[in-house]
Structure formats: structure tokens, C-alpha cells
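Input: a single structure, listed below in C-alpha cells.
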4 protein chains.
Amino acid sequence: MARKPSHWKRRKDARPTEIVAAALDVFAERGFSATRLEEVAERAGVSKGTVYLYFANKEDLFKAVVRQALVPTIAKVETHIREHPASAREQLAEVFASMVGTIATPPAAAIPKLVIAESWNFPDIAKFYLKEVIARGFRLMAGVIERGKASGEFRTDVNVDHAVRLAIAPVLLTALWKTSFEPAVGARLDAEPFLKTHLDVLINGLANKTSR
Amino acid sequence: MARKPSHWKRRKDARPTEIVAAALDVFAERGFSATRLEEVAERAGVSKGTVYLYFANKEDLFKAVVRQALVPTIAKVETHIREHPASAREQLAEVFASMVGTIATPPAAAIPKLVIAESWNFPDIAKFYLKEVIARGFRLMAGVIERGKASGEFRTDVNVDHAVRLAIAPVLLTALWKTSFEPAVGARLDAEPFLKTHLDVLINGLANKTSR
Amino acid sequence: MARKPSHWKRRKDARPTEIVAAALDVFAERGFSATRLEEVAERAGVSKGTVYLYFANKEDLFKAVVRQALVPTIAKVETHIREHPASAREQLAEVFASMVGTIATPPAAAIPKLVIAESWNFPDIAKFYLKEVIARGFRLMAGVIERGKASGEFRTDVNVDHAVRLAIAPVLLTALWKTSFEPAVGARLDAEPFLKTHLDVLINGLANKTSR
Amino acid sequence: MARKPSHWKRRKDARPTEIVAAALDVFAERGFSATRLEEVAERAGVSKGTVYLYFANKEDLFKAVVRQALVPTIAKVETHIREHPASAREQLAEVFASMVGTIATPPAAAIPKLVIAESWNFPDIAKFYLKEVIARGFRLMAGVIERGKASGEFRTDVNVDHAVRLAIAPVLLTALWKTSFEPAVGARLDAEPFLKTHLDVLINGLANKTSR
DNA sequence: CATGAATGAGCTTTCATTCAT
DNA sequence: AATGAATGAAAGCTCATTCAT
């Protein structure tokens with residue numbers, strides 16, 4: 001019944017990562033409650049019981065999935081920005097360019113949808129996500145915009161908090177569209193040109209025209 | 001007893017509407033799979049069996065909920081626009097003003113979240129929602145923007161499809177925020193001023209500056 | 001699949017009693033943890049789910065079993081004594097005669113064994129049993145013995161608490177023997193003559209011989 | 001390291017004994033089915049797999065526990081009696097004194113409870129216990145009482161079999177009380193004075209008064 | 001029409017047991 | 001001899017669905 005003959009070598013350290021990866025796949029496909037632990041196990045190439053060797057229960061596994069899938073995602077964007085100092089406009093462009101990759105990558109793109117969908121049952125996860133992802137992304141964006149306002153690139157009459165949300169909203173829409181409507185309905189959305197337009201309109205909308 | 005004579009008459013036709021209303025409440029609170037039909041029945045003041053008199057199963061009820069909750073929502077916006085012809089900028093403002101009310105009203109605000117969350121299990125609903133809500137809203141918005149482009153108010157180099165999504169994205173974000181993060185985390189978002197800023201920045205971003 | 005055609009008449013009131021009776025049987029045969037709820041359901045002629053209609057969980061069912069099996073048991077003895085005032089010796093005899101019936105009746109006889117065996121997992125039940133059965137039996141016995149001491153029938157140098165336990169110990173032994181060793185090993189113990197001897201020796205042992 | 005050289009040698013033969021000792025502890029604390037083999041292994045300082053090196057399965061381990069815990073218990077009493085010939089009354093006192101120690105020692109005191117509780121699932125053990133412990137204790141007691149009857153100390157109209165059970169019953173009650181109700185409910189029972197009273201009342205009850 | 005007792009498939013979770021190392 | 005990662009059968013429990021009344 002052993003699927004793979006290399007059963008005994010890839011041990012204790014690889015297992016949890018493999019299981020979490022498989023779980024992300026299944027959660028992304030079916031959502032939390034429709035996910036059967038047996039399917040996760042199957043895809044990870046282990047038995048049902050093995051999942052419980054590493055995770056106390058389904059919820060615990062779900063949290064691990066979110067955590068594991070997010071760490072690289074946030075870090076990637078953060079470091080990207082930190083290492084590419086430039087004008088506010090250019091940095092905004094950088095952030096978006098960096099986000100597009102993440103948004104387009106299938107499994108990670110499902111995280112926002114999962115968090116939103118399961119915020120009912122797991123407020124903990126919403127809390128965690130808000131703190132670890134949204135807040136960090138917020139600070140990042142807010143920094144860029146503040147700098148733009150200070151340098152005279154951006155209008156000073158725009159609430160930073162609002163501006164940040166405006167900047168993020170189309171990215172969120174893209175992620176949700178790609179995970180909800182594209183697979184279900186087949187309505188394609190080409191992320192790259194859309195976000196390019198977004199950047200264009202946003203920068204134009206935030207641009208300081210008093211200097212005209 | 002003589003006070004509510006109409007109450008005893010409404011039964012036959014009101015029943016399904018009452019059940020759907022109760023169901024929307026519960027679905028909005030708990031999500032699809034965490035919703036027990038028994039609770040829906042309780043809130044509708046009927047027995048579990050009665051629900052099955054009007055709806056074949058849980059999924060059917062869910063579809064009815066989405067359908068019923070959306071008809072007035074879309075119609076409201078559509079008629080509002082149709083009845084208030086004005087400049088593109090002004091109409092954009094009208095659409096948003098009209099949307100704010102819907103988005104802020106608790107039960108209807110949960111619909112987008114529900115549709116997104118359940119697009120996994122019920123592609124039908126995603127399809128229906130796309131067709132009946134998104135597409136109609138799209139046409140509406142697209143009309144306004146096309147008119148703005150034609151009149152010289154808006155830039156002509158902006159893809160209409162993209163512009164519509166950009167216009168809607170912050171509204172979606174607001175709805176999701178209010179139904180996912182506000183209740184779970186207590187992070188308030190004041191919809192009205194946010195969408196006012198959105199409108200401001202968007203119109204500025206779309207504004208034709210070649211005439212300068 | 002319906003075992004019995006009279007499925008729909010014996011409703012809501014009879015069900016729980018039937019289930020508890022079936023449960024007592026199975027618990028008595030197998031012990032708590034080896035009892036599968038499905039078997040209880042089968043014997044009660046209902047489905048697994050029905051058990052959960054009346055009892056929150058296995059433990060709850062167990063408590064109900066103990067409770068239901070004990071109420072008549074204790075009451076029987078108490079009323080018997082109350083209605084048969086006599087000399088201390090005679091009353092002691094009455095109590096025992098009354099106990100013999102209970103001890104010999106198969107399902108109720110298993111209760112002490114069950115309580116003892118499950119005091120590990122369910123201290124609540126031990127507590128309940130101590131309070132509702134043992135304490136009440138104690139008071140009963142203590143009353144008889146005190147009266148015997150007061151009337152000069154019994155020695156006054158014997159601790160009442162001890163005397164009560166001495167009186168009960170052989171009854172307990174009988175119950176345990178009949179439920180543990182008789183079925184497992186086939187070693188018969190004839191309760192009636194044994195408890196007759198017990199009474200004889202006990203009364204003789206407690207008898208006041210200073211008057212000799 | 002030089003301190004405990006004997007510790008490194010004892011392995012091969014001590015292992016099973018250590019495991020059984022640990023198992024007795026856990027069985028006494030939790031009962032048979034609530035005992036996880038992993039906890040037994042932990043307390044014995046070995047791994048789960050090792051337990052299976054010495055015992056075919058959980059039941060086998062349980063039997064070994066009972067066996068091992070009983071050998072010294074019975075032997076202790078038997079030799080004590082054999083080495084202390086005296087009058088029947090005195091010997092009865094000896095037996096009880098010897099039993100009190102065993103009954104009061106925590107792990108061994110749990111054996112009767114375990115045997116009784118698990119006689120459902122393991123009739124073998126009940127059989128074994130009956131043969132190896134009860135029967136041997138019986139013979140012992142019976143001998144003492146027969147001698148008492150022969151010497152004229154005790155009444156001759158009392159069935160020996162019954163008398164033996166009467167003698168043992170309060171000891172059993174004490175053991176069960178201490179392992180079932182004391183830990184669960186906190187209702188203390190002082191074994192020594194109680195069994196002293198028992199001996200007093202029993203000897204008085206068995207005493208031959210025809211010689212008066 | 002309406003009820004709600006009854007059902008049973010299906011899920012999560014536990015843990016004795018196995019076996020490659 | 002010893003390990004402990006892996007297994008999978010088995011059981012408790014939930015709840016959408018049915019149907020006799």
C-alpha cells in the first residue's frame with residue numbers, strides 16, 4: 001500500500017512541511033470545513049494518523065498553513081522594498097510588482113480568501129492575519145505614501161490610512177477574483193496589466209497638482 | 001388578538017420569504033457549513049421539516065438567500081443611476097453614495113463574503129453572482145466611465161474594464177472588512193469617509209489633464 | 001430496516017427509559033468504555049443518532065443509567081424499613097432481606113461494580129453514588145444500630161460508623177461476586193444463606209453480653 | 001558514573017519488571033482502558049516499542065501486572081501465618097494485621113479493583129485471580145476457622161465457607177473504598193481501627209457461647 | 001401544510017500495534 | 001535490543017435529510 005518506496009528516509013523534519021503544503025493545496029481547493037483530513041494525508045503521501053502526529057487537530061493544521069504560507073510572502077515584499085530605495089512613485093511600483101508575483105502564485109493566493117472565509121469560525125486566524133500580514137503591509141505602504149507626501153510628490157490632503165487601503169484594494173480584488181471566479185466561472189483577469197493601470201491611476205490620483 | 005389580523009393571512013406566501021430572511025441572518029453570522037438548518041428554522045419560527053417544504057436542501061436554500069438578497073440590492077443602484085442623469089463625475093458619486101448604504105447594512109453586506117467563501121463548493125452561485133450582480137454592476141459603471149471618456153472628463157488612455165474594477169475594489173474591501181475583521185478583531189473602518197476619499201482620488205486619477 | 005413495525009407509537013416518553021434500560025444491560029455486560037453506543041442503540045431498537053437525541057454523550061447516558069437504576073433501589077429499602085418498625089435485630093433482618101432481592105436482580109446488581117470501576121474516569125458518579133446511595137443507606141443502618149445500642153440490645157463499645165460498614169461489607173461482596181466471578185468463572189455464591197449467616201454472626205457479634 | 005555500576009547491568013532482566021511496575025502504577029491510576037501504553041513506557045523510561053518486546057499486547061501486560069503484584073502479596077500472608085502458630089483468635093488477628101499493610105499500600109491495593117473492573121473484558125484474569133489469590137486466601141482462612149471450631153473457640157454451627165467470606169468482606173470493602181471513594185470524593189476511611197473493630201465483632205460473633 | 005422524532009452517512013480523533021532502521 | 005515514526009481500525013458525535021403522523 002506504500003505509494004512511494006522511499007518511505008523511511010524523509011523523516012521527522014520534512015514531514016510537517018509536506019503535510020502543510022498538501023493541506024494548503026486542499027484548503028485552497030475546498031475551503032476549511034469541506035477539507036477532509038484524509039485527503040490531506042493522501043496528498044502528503046501519509047496516513048491519516050500521521051497528520052495527528054504533528055498537528056493537534058484540524059484547526060491547528062489550518063493555522064500552521066496560514067503561518068507557513070505567509071512568512072515568505074510578507075518577508076519577500078518587505079525586503080524587496082527595503083533594498084530598493086527610490087522615489088515614492090517608484091517604490092509604489094516596486095511594491096506592486098512584488099505583490100503580483102505572490103498574487104499570481106496559486107496556493108498562496110488562496111490565503112486571503114481562506115482567512116476571510118474562515119474568520120467566522122476562527123477569529124484567532126483573522127487576528128493573526130491582521131497583525132502579521134495586514135498591519136505589516138500597512139506600515140510598509142504608509143511609509144511610502146508618507147514619504148511621497150513629504151517630498152511633495154503626493155497630495156497632502158489625502159488621509160494616509162485611506163490611501164493605503166485604496167492602494168491595496170485592487171490587489172485584494174485580484175487575489176479573490178483569481179481564486180473565486182476564475183476557477184468557478186472561467187472569467188479570466190490578467191493581473192499584470194490591471195495592476196499597472198491601477199498604479200497609473202492611483203499615482204495620478206494622489207499626484208500633487210498645486211505645482212501646476 | 002384583533003390587532004394583527006393580517007398576521008394570520010400572510011402565512012402561505014410569506015413563509016419562504018421569512019425562512020430566507022432568517023437563513024441570510026444565520027449564513028451571515030456563521031458561514032455556510034457552520035449554519036445548522038435547525039437554527040434557521042428556529043429563527044424563522046418554524047420547524048426543521050418546514051424548511052424542506054420550500055427548499056430541496058441546504059444548498060438550494062443558500063442559493064435562494066443569495067438570489068433574494070441581491071435583487072433589491074442591484075435594482076436599487078440601477079434605478080438610482082437611471083433616474084439621476086448627470087455628469088460622469090456626479091454619477092460616479094451617486095453610484096457610490098447608493099452603494100454605501102447597501103454595504104453598511106449588515107445582512108446584505110455579508111453576501112459578497114458568502115459568495116466568495118462558498119465559490120469552492122458552489123460554483124453555481126459564483127456563476128449566478130457573476131452574471132446577475134457583477135456583470136450588471138459592471139455595465140452600469142462601464143456606461144458612466146465611457147460617457148466620461150466621451151465627454152472629455154476622463155482620460156481616454158484608461159481601459160474601461162480596469163477602471164470599473166478599480167472603482168469597485170475599495171467597496172468590496174469595505175464590505176469584506178466589515179464582515180470579516182470588524183467582528184473578529186474589532187478593527188473599525190468608517191465606510192463613508194473612506195469611500196469619499198476613494199471617489200476623490202479615483203476621479204482625480206481618471207481626470208483628463210491634457211487640457212491643462 | 002425497521003426492526004419493529006410499531007415504530008411510531010411508543011414515542012418521546014418511552015424512548016429515554018428504553019435506552020437507559022438497554023444501556024444498563026450493556027454497561028453491566030461490558031463496562032463503560034467497552035460499551036459501544038451503537039450496541040446500546042441496537043438493543044434499544046433505535047439508531048445511534050436517537051441516543052444523542054436524549055443524552056448529550058456517553059457519560060451523560062451513564063449517569064442517567066446509574067440514577068435511574070438507583071432511585072427505586074434505595075427507595076425500596078428505605079420504605080421497607082420505615083414501614084416495618086420492630087426491634088433492632090428484627091430491623092437488621094428486614095434490611096438484609098430487602099437488600100437480597102436487589103442484589104440478586106441482575107442488572108441493578110451491576111451498579112456498584114460499575115461505579116467502582118468507573119470512579120477513575122467519572123469521579124462525579126462516585127460522588128453522586130456516595131451521596132445518594134451510600135450516605136442514605138448509611139443513615140438507615142446507623143439509625144437501626146443506634147436504636148439497638150440505646151435499647152441495650154447491642155454493645156455500646158462499638159463505633160456505629162464501623163458497625164454500619166461491617167453490616168454492608170458482605171452485601172457488597174455478594175454483589176461484586178455475582179457480577180464479577182460468577183459470570184467469569186462460574187463460581188456460584190448463594191446469596192440468601194450467606195447473608196443469613198452474616199446476620200446471625202453480626203448480631204451475635206454486636207450482642208450485649210454484659211447482661212449475661 | 002562510577003557510582004551506579006549495577007545500574008548498567010540490570011538491563012536485560014530488569015526491564016520487564018520495571019515495565020510491569022510502571023504499568024501497575026498507571027493501571028491503578030487510570031484503569032485498564034484509559035491507560036495508554038505510551039504513558040507506561042514513559043514511566044518505565046523506555047520507548048513504546050520496547051514494551052512490545054516483552055509483552056505481546058496490552059492485555060498480556062495487564063495479566064503480568066496482576067500476576068507480579070500478587071505473588072508477594074499472597075506469599076507474605078501465607079508465610080506469616082505458617083510461621084506464627086497460635087490460637088485461632090490470635091491467628092485471625094495475625095492475618096488481619098498482615099493484610100492491613102497490603103491493603104494500605106497504594107499500588108497493590110488497586111489490584112482487587114482492577115480485577116473486578118476488568119472481569120468483563122478479561123475473564124481469564126478473574127479466573128486466575130480466583131485460583132491464585134482468592135482460593136489460597138480461602139484455604140488459609142478456612143484452616144484457621146476449622147481449627148477454632150475444633151478447639152471449641154468458635155461456634156460449630158457456622159458454615160466455614162460463609163465465615164471466611166465474612167472475614168474477608170470488610171477487607172475488600174476497605175481496599176475498594178480507599179481506591180474508589182477516597183481519591184474521587186475525599187471520604188477518608190481509617191483502615192486500622194476499622195479492621196480492629198471488625199476482628200473484635202467477628203470473633204465475638206463466632207465465639208462459642210454454649211460453654212457459658 | 002406542518003411537525004419533529006428518527007435516521008445514518010460521514011467526519012474527526014485516538015491509540016494499540018507494527019516494523020524499518 | 002531498542003527505537004519511534006507510521007499506520008489504520010474503531011469509536012464518538014453531528015446534522016442534513018426523511019417521513020409517519
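Predicted model only: the values in this text are computed from it and were never measured. Computed over heavy atoms, backbone and side chain alike; hydrogens, waters and symmetry mates excluded. Labels below follow one simple rule: chain letters A, B, ... track the order of the sequence lines, proteins then strands, and each chain is numbered from 1.
Regarding C/L61, its CG atom lies at a distance of 10 Å from the P atom of F/dC13, rounded to whole Å. With rounding to whole Å, B/L53 atom CG is found 12 Å from F/dT18 atom P. Rounded to whole Å, atom P of F/dT14 lies 15 Å from atom NZ of C/K58. Atom CG in C/N57 sits roughly 8 Å away from atom P in F/dT14 (whole-Å rounding). The nearest whole Å value for the distance from the CD atom in D/E18 to the P atom in F/dA1 is 15 Å. If you take CG of C/N121 and C1' of F/dG12, they are 15 Å apart, rounded to a whole angstrom. Straight-line distance from the CZ atom of B/R30 to the C1' atom of F/dC15: 14 Å, rounded to whole Å. For the pair A/Y52 OH and E/dC15 P, the computed distance is 13 Å after rounding to whole Å.
Between the B/W120 side chain and the A/A28 main chain, a donor and an acceptor come within less than 3.5 Å of each other.
The residue among D/G49 and A/G49 whose nearest nucleotide of DNA chain F lies closer to the 5′ end is D/G49. The residue among B/E59 and A/S47 whose nearest nucleotide of DNA chain F lies closer to the 5′ end is A/S47.
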- Task: Could you walk me through whether A/L114 and A/V66 pass side-chain contact (heavy atoms from CB on, under 4.5 Å), step by step?
- Result: CA-CA 9 Å; A/L114 275 169; A/V66 176; 5.7 Å; no

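Listed in residue order, the members of residues 31-42 of chain B having a heavy atom less than 4.0 Å from DNA chain F are B/T35, B/R36, B/L37.
D/L61 contributes atom CG, which lies 10.0 Å from atom CD of D/Q68 (distance to the nearest 0.5 angstrom).
Residue A/R15 has a polar side-chain atom (N or O) positioned under 4.0 Å from OP1 or OP2 of F/dA6. Residue C/Y54 places at least one side-chain N or O under 4.0 Å from the OP1 or OP2 atom of E/dA6.
A salt bridge does not link C/R67 to C/E132: none of the charged side-chain nitrogens sits closer than 4.0 Å to a carboxylate oxygen.
Nucleotides E/dC1 and F/dT21 place their P atoms 23 Å apart, quoted to the nearest Å.
Evaluated for a salt bridge (Lys or Arg N to Asp or Glu O under 4.0 Å) with B/E29, the options B/R43, B/R36, B/K113 yield exactly one hit, B/R43.
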Return a table of donor-acceptor pairs under 3.5 angstrom between the side chains of residues 46-53 of chain A and protein atoms on other chains or two or more places apart.
unit_1, atom_1, unit_2, atom_2, d
A/S47, OG, A/G49, N, 3.4
A/S47, OG, A/T50, OG1, 3.3

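When all heavy atoms are compared, the tightest approach of D/K58 to D/T35 is NZ-O, 2.9 Å. In terms of heavy atoms, B/D60 sits closest to B/F55 at OD2-CA, 3.8 Å.
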- Under 3.5 Å for both distances, Watson-Crick or G-U wobble, that's the pair rule; now give the dot-bracket for DNA chain E, with | marking pairs to another strand and [ ] for crossing ones. .||||||||||||||||||||

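At least one side-chain heavy atom of B/I111 sits less than 4.5 Å from a side-chain heavy atom of B/Y129.
Nucleic acid contact class of C/K48 (heavy atoms, under 4.0 Å, all strands): base.
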